[in-house]
Amino acid sequence: MDLRDSDRHWLLATILYSELSPSATRTIAVEQLLRRSTGSADLDDSAPSNDGRSGRSLFPEAPSDPKKKIGLYPPLFYAACTAGGLVSCGLTHMAVTPLDLVKCNMQIDPAKYKSILSGSIALLKEQGLGGFFKGWVPTLLGYSAQGACKFGFYEFFKKYYSHMAGPEFVEKYKTLIYLAGSASAELIADLALCPMEAVKVRVQTQPGFARGLSDGFPKFVKSEGYTGLYKGLVPLWGRQIPYTMMKFASFETIVEMIYKYAIPVPKDKCSKTTQLGVSFAGGYIAGILCAVVSHPADNLVSILNNAKDATVGDAVRKIGLWGLFTRGLPLRIVMIGTLTGAQWGIYDAFKVFVGLPTTGGVSPASADSPAVKLSKLT
């Protein structure tokens with residue numbers, strides 16, 4: 001139906017003179033205008049939005065558990081997501097240290113470590129069973145810091161970019177929001193990961209270099225300086241940013257499709273066990289895609305961190321273009337698929353534990369959002 005002139009004037013005045021942010025103002029004004037136009041009470045002024053103000057969320061999700069203290073999008077929400085990312089990434093990467101060690105050695109010395117089986121046998125003979133966990137401390141610390149930044153900043157940037165898009169464009173550009181949010185988060189996360197990754201690779205691939213972090217870190221710094229810890233940062237970005245963009249965007253899309261086509265009831269009607277199962281399944285499929293996309297850069301990171309004066313050109317010449325895309329790929333698919341599925345499962349289990357909804361499964365602009373209702377009225 002057509003809006004009355006008084007309604008149009010009221011809407012314009014609300015947007016011009018409110019002290020709230022433009023996106024929040026627009027959402028609140030639309031909701032109030034709908035009430036004035038329809039007399040409906042189904043939009044509650046008192047319902048908290050994602051940014052803590054009244055009005056509906058620009059990026060709606062299932063409501064948080066009212067028995068818990070944490071709501072959606074206050075600082076404590078981001079702190080909880082940061083903690084969940086720390087736990088999920090640190091523990092999972094540490095758990096697959098043996099696979100990671102075999103993979104790194106296959107990338108550095110393919111003549112000696114020809115396959116997963118032969119490489120594992122060779123390492124077992126040379127270093128014993130304990131050798132399979134060499135480098136677990138820098139792995140735990142590095143990927144804990146990376147996971148904290150990755151998941152915490154992803155939630156922040158996803159919300160931030162959704163506000164930039166505005167409620168009328170969130171649904172249309174949701175995949176771009178996922179991609180931009182995850183890329184921005186990983187750019188920061190790799191600054192935390194890079195030093196530990198450099199030490200980890202050196203410890204794992206140079207026999208006799210060091211036993212672990214305690215002696216490996218000072219030895220690395222003495223040899224190459226503190227700047228050497230960031231020598232592999234650009235290749236690390238080349239590996240991790242595409243990986244994380246695929247990890248988050250494909251996960252969000254896969255989970256949404258599972259709830260839409262494979263489960264006959266809405267997400268909020270599913271049990272928490274079912275939702276966590278969906279998170280693991282979506283994460284595993286996303287992890288396979290991540291491994292393929294990021295594998296060439298993963299080979300470069302391993303080679304650059306193994307040798308003091310190695311360059312990207314040296315690495316490409318050594319491994320060859322075909323080898324850059326394929327060397328160690330089957331093992332990495334198994335490792336990253338399992339790793340990513342477990343990460344999403346642990347991360348969402350942590351969110352459920354603190355009273356937050358699991359990730360994904362709700363379209364950014366739902367059918368009952370204010371923008372969609374207004375478009376139907378006008």
(message) With a 6.0 Å cut-off on the ring centroids, do Y161 and F156 count as close?
(response) no
(request) Indicate the atoms forming the closest heavy-atom contact of A192 with Q146, along with that distance. (result) CB-N, 4.5 Å
(request) Taking only Lys NZ, Arg NE, NH1 and NH2, and the carboxylate oxygens of Asp or Glu, determine whether E252 and K158 approach each other closer than 4.0 Å. (result) yes
(request) Report yes or no: does T338 contribute a side-chain atom to a donor-acceptor pair with the main-chain N or O of M335 at less than 3.5 Å? (result) no
(message) Has S162 got a side-chain atom pairing as donor or acceptor with K159's backbone, closer than 3.5 angstrom?
(response) yes
(message) Using the rule that Ile, Leu, Val, Met, Phe, Trp and Tyr join whenever any side-chain heavy atoms are under 4.5 Å apart, tell me whether F132 and L99 fall into a single cluster.
(response) yes
(message) For the backbone of C81 and the side chain of K351, can you confirm whether one donor and one acceptor N or O come within less than 3.5 Å of each other?
(response) no
(message) Using modelled atom types and a 3.5 Å cut-off, is there a donor and acceptor pairing between side-chain atoms of S184 and backbone atoms of G181?
(response) no
(request) Enter the distance from K134:NZ to C104:SG here, rounded to the nearest 0.5 Å. (result) 12.5 Å
(request) First locate atom NZ of K103, then atom CD1 of I108, and finally report the distance between them rounded to the nearest 0.5 Å. (result) 9.0 Å
(request) Indicate yes or no: at least one non-hydrogen side-chain atom of F153 is less than 4.5 angstrom from one of Y78. (result) no
(message) Between K174 and E256 (salt bridge meaning N to carboxylate O under 4.0 Å), is one present in this structure?
(response) yes
(request) Spell out, as yes or no, whether a donor-acceptor pair under 3.5 Å connects the side chain of H295 to the backbone of R327. (result) yes
(request) Any chance you could measure F151, atom CZ, to T244, atom OG1, to the nearest 0.5 Å? (result) 8.5 Å
(message) When you compare the side chains of T358 and K267, does any donor N or O come within less than 3.5 Å of an acceptor on the partner?
(response) yes
(message) Using a 3.5 Å distance criterion without hydrogens, assess whether the side chain of S223 forms a donor-acceptor pair with backbone atoms of F220.
(response) no
(request) Quick one: closest heavy-atom pair of A291 and I336, and the distance? (result) CB-CB, 3.9 Å
(message) Please give me the minimum heavy-atom distance between V334 and Y284, naming the atom from each residue.
(response) O-OH, 4.3 Å
(message) Side chains of T253 and S250: any donor to acceptor distance under 3.5 Å?
(response) no
(message) Can you give me the closest heavy-atom contact between G282 and I258, atom names plus distance?
(response) N-CD1, 4.4 Å
(request) Measure across G345 and L276 and return the closest heavy-atom pair with its distance rounded to 0.1 Å. (result) O-CD2, 4.1 Å
(request) Side-chain contact test, heavy atoms from C-beta onward, threshold under 4.5 Å: evaluate it for E197 versus Q240 and give yes or no. (result) no
(message) Just by distance, no angles: are the side chains of T359 and D348 close enough, under 3.5 Å, to form a donor-acceptor pair?
(response) yes
(message) Side chains of S279 and V255, heavy atoms from C-beta outward: is any pair under 4.5 Å?
(response) no
(request) Please identify each residue that fulfils side chain to side chain contact (heavy atoms under 4.5 Å, CB included) with T311, with sequence neighbours left out. (result) D314
(message) If hydrophobic clusters are built from ILVMFWY residues whose side chains come within less than 4.5 Å, do M164 and Y73 share one?
(response) yes
(request) Report the distance from atom CD1 of I333 to atom SG of C290, rounding to the nearest 0.5 Å. (result) 11.5 Å
(request) Say whether, by atom type as modelled, one donor and one acceptor occur between the side chain of Y230 and the main chain of L191 under 3.5 angstrom. (result) yes
(message) Looking at R239 and D190, is any side-chain nitrogen of the basic one under 4.0 Å from a carboxylate oxygen of the acidic one?
(response) no
(message) I'd like to know whether T274 forms a side-chain contact (heavy atoms from CB on, under 4.5 Å) with I263, so could you lay out the CA-CA distance, the side-chain angles of the two residues, the decisive distance to 0.1 Å, and finally the verdict.
(response) CA-CA 10 Å; T274 300; I263 298 178; 4.2 Å; yes
(request) Return yes if some donor-acceptor pair links the side-chain N/O of D215 with the main-chain N/O of G212 below 3.5 Å, else return no. (result) yes
(request) Please lay out, stage by stage, how Y143 and T92 fare under the test side-chain contact (heavy atoms from CB on, under 4.5 Å). (result) CA-CA 9 Å; Y143 283 95; T92 51; over 6 Å; no
(request) State yes or no: do Y154 and M246 share one hydrophobic cluster built from I, L, V, M, F, W and Y residues joined by side-chain heavy-atom distances below 4.5 Å, directly or via other members? (result) no
(message) Taking the side chain as everything from C-beta on, heavy atoms only, tell me whether Y113 gets closer than 4.5 Å to L123.
(response) yes
(message) Check this for me: does any side-chain nitrogen of one of E224 and K219 sit under 4.0 Å from a carboxylate oxygen of the other?
(response) no
(message) Hydrophobic clusters here meaning ILVMFWY residues chained together by side-chain heavy-atom distances under 4.5 Å, can you tell me if V201 and F209 are in one?
(response) no
(message) Aromatic contact between W344 and F280, with the criterion being ring centroids under 6.0 Å apart: yes or no?
(response) no
(request) For the residue pair Y243 and T340, confirm or rule out a side-chain donor-acceptor distance under 3.5 Å. (result) yes
(request) Would you indicate whether the side-chain heavy atoms of W136 and K200 approach each other to under 4.5 Å? (result) no
(request) State, to 0.1 Å, how close S182 and Y178 come at their nearest heavy-atom pair, and which atoms those are. (result) OG-O, 2.8 Å
(request) Please tell me if the side chains of P296 and L300 come closer than 4.5 Å, counting only heavy atoms from C-beta onward. (result) no
(request) Apply the test side-chain contact (heavy atoms from CB on, under 4.5 Å) to residues M196 and L213: give CA-CA distance (whole Å), side-chain angles for both, the deciding distance (0.1 Å), then the verdict. (result) CA-CA 8 Å; M196 292 296 102; L213 179 65; 3.8 Å; yes
(request) Could you verify whether a donor N or O on one side chain and an acceptor N or O on the other, from Q343 and S88, lie under 3.5 Å apart? (result) no
(message) I'd like to know if the side chain of N105 and the backbone of L101 have a donor-acceptor N/O pair within less than 3.5 Å.
(response) yes
(message) Can you confirm whether I346 sits close enough to F350 that some side-chain heavy atom of one is under 4.5 Å from a side-chain heavy atom of the other?
(response) no
(request) Decide whether L176 and V170 are clustered together by the hydrophobic rule: side chain heavy atoms of Ile, Leu, Val, Met, Phe, Trp, Tyr closer than 4.5 Å, transitively. (result) no
(request) Rounded to the nearest 0.5 Å, what's the gap from CG on L91 to OG1 on T139? Could you check? (result) 12.5 Å
(request) For the pair M245 and E186, evaluate side-chain contact (heavy atoms from CB on, under 4.5 Å) and give the outcome as yes or no after the intermediate values. (result) CA-CA 8 Å; M245 292 171 72; E186 190 60 42; over 6 Å; no
(message) Counting C-beta onward and ignoring hydrogens, is there a side-chain heavy-atom pair between F133 and P98 closer than 4.5 Å?
(response) yes
(request) Measure the spacing between CD of E171 and CD1 of I177 and express it to the nearest 0.5 Å. (result) 9.5 Å
